[in-house]
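For reference, the structure is listed below as structure tokens.
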Amino acid sequence: MKNDRLLADFFRRDTVLVARELIGKTLTRVFDDGTMRRYVITETEAYCGQSDLACHTSKGRTKRTQVMFEAGGLVYVYLIYGQYWLLNFVTEQEGSGSAVLIRGLKGHDGPGKLGRELKLNKSFYGENLESSTRIWLENANPVNQISEHPRVGIHYAGEPWISKLWLYKAD
DNA sequence: AAGACGATCCTG
DNA sequence: AGGATCGTCTTT
């Protein structure tokens, strides 16, 4: 099966499960000039709600994190270090405050670099993956070999969060 | 109003 | 190892 878009129900599940299942899925992007490109997701990270001290929502509900408290199936983008737009998908039910960070696409490794490749900006904040005409996800053949690792760049969160194996990678 | 900082990347 | 670069959040 190809060309079937992932619907909101796919995202409204356990964040770790969604992060894992997103590996190998197709990310489709239609650029402003009408060009369509498809990418294979190769690396993801799970951020599991307010109790997860590495998760942005652990600091509470703010203008920046409010979309993460919506029901799954929306885009959460934010600017990091003044230069890179990082791409996340909101997961679980309304109020959960969870999301999956996309860390790598085939040929475009690194969360900042893929944001640049996809020409992301703040207008993608809250984009609906079910109805968007410029970014969505499609089913693809499952990936056999997926490895688990600690998440990157979250030392400040402390234990047990820095030790959780919530980074998933296609091998 | 001002300061600190970051789920990164690039250069030297 | 260190700088770039700026929106968001915290503190005054």
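In the text below, chain A, chain B and the rest are named by the order of the sequence lines, each starting its count at 1. Note that the structure is a prediction, hence the values are computed from the model and not measured.
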Quiz prompt | Shortest non-hydrogen separation from A:A170 to A:I23 and the atoms involved | solution = CB-CG2, 3.6 Å
Self-check item: Enclosure of A:N144 CG (heavy-atom neighbours >12, cutoff 6.0 Å)
Solution: no
Quiz item: Would you write out the dot-bracket form of DNA chain C, 5' to 3', with Watson-Crick and G-U pairs under 3.5 Å, [ ] for crossing pairs, | for pairs to other strands and . for unpaired bases?
Solution: ||||.||||||.
Quiz prompt | Sidechain-backbone polar pair: A:K25 side chain, A:E21 backbone, donor-acceptor under 3.5 Å | solution = yes
Quiz item: Hey, any chance A:L22 and A:W136 share a hydrophobic cluster, counting ILVMFWY side chains that come within less than 4.5 Å of each other, even indirectly?
Solution: no
Quiz item: Quick one: is the NZ or CZ of A:R13 closer than 6.0 Å to the six-membered ring centre of A:F10, and within 45° of its axis?
Solution: yes
Practice problem: Residues of residues 163-171 of chain A with any non-hydrogen atom less than 4.0 angstrom from an atom of DNA chain B: list those, numerically ordered, please. | Solution: none
Quiz prompt | Salt bridge flag under 4.0 Å for residues A:E45 and A:R151 | solution = no
Exercise. Consider only side-chain heavy atoms of I, L, V, M, F, W and Y, link residues closer than 4.5 Å, and tell whether A:L118 and A:Y125 are in one cluster.
Key: yes
Self-check item: Nucleotide range of DNA chain B lying under 4.0 Å from chain A heavy atoms
Solution: B:dG6 to B:dC10
Quiz item: Parallel, tilted or perpendicular: which fits the ring planes of A:W166 and A:W161, with parallel below 30° and perpendicular above 60°?
Solution: tilted
Quiz item: Can you give the first and last nucleotides of DNA chain C, 5' to 3', that have an atom under 4.0 Å from a heavy atom of chain A?
Solution: C:dA4 to C:dC9
Quiz item: Taking only residues two or more places apart in sequence or in another chain, which ones pass salt bridge (charged side-chain N to carboxylate O under 4.0 Å, His left out) with A:E70?
Solution: none
Quiz prompt | Within residues 89-108 of chain A, residues whose heavy atoms come under 4.0 Å of DNA chain B | solution = A:L101, A:R103
Self-check item: Earlier contact from the 5' end, DNA chain B, for A:I80 and A:G112
Solution: A:I80
Quiz item: How is A:K113 classified with respect to the nucleic acid when contacts are heavy atoms under 4.0 Å: base, sugar-phosphate, or nothing?
Solution: sugar-phosphate
Quiz item: Would A:H56 and A:Y78 count as a close aromatic pair, with their ring centres under 6.0 Å?
Solution: yes
Exercise. Of all the heavy-atom pairs spanning A:L129 and A:F89, show the shortest one and how long it is.
Key: CD1-CD2, 3.5 Å
Practice problem: Just call it for A:G115: base, sugar-phosphate, or nothing, with non-hydrogen atoms closer than 4.0 Å on any strand. | Solution: nothing
Quiz item: Under 3.5 Å, is there a donor-acceptor pair between the side chain of A:N88 and the main chain of A:Y76?
Solution: yes
Practice problem: Could you check whether A:Q83 gets within reach of a base, just the sugar-phosphate, or nothing at all, counting any heavy atom under 4.0 Å? | Solution: base
Quiz item: Would you say A:T65's side chain and A:M68's backbone share a donor-acceptor pair under 3.5 angstrom?
Solution: no
Quiz item: Distance under 6.0 Å and angle within 45° of the ring axis: does A:R116 meet both against A:Y84?
Solution: no
Quiz item: Cation over ring, A:R29 on A:Y39, under 6.0 Å and within 45°?
Solution: no
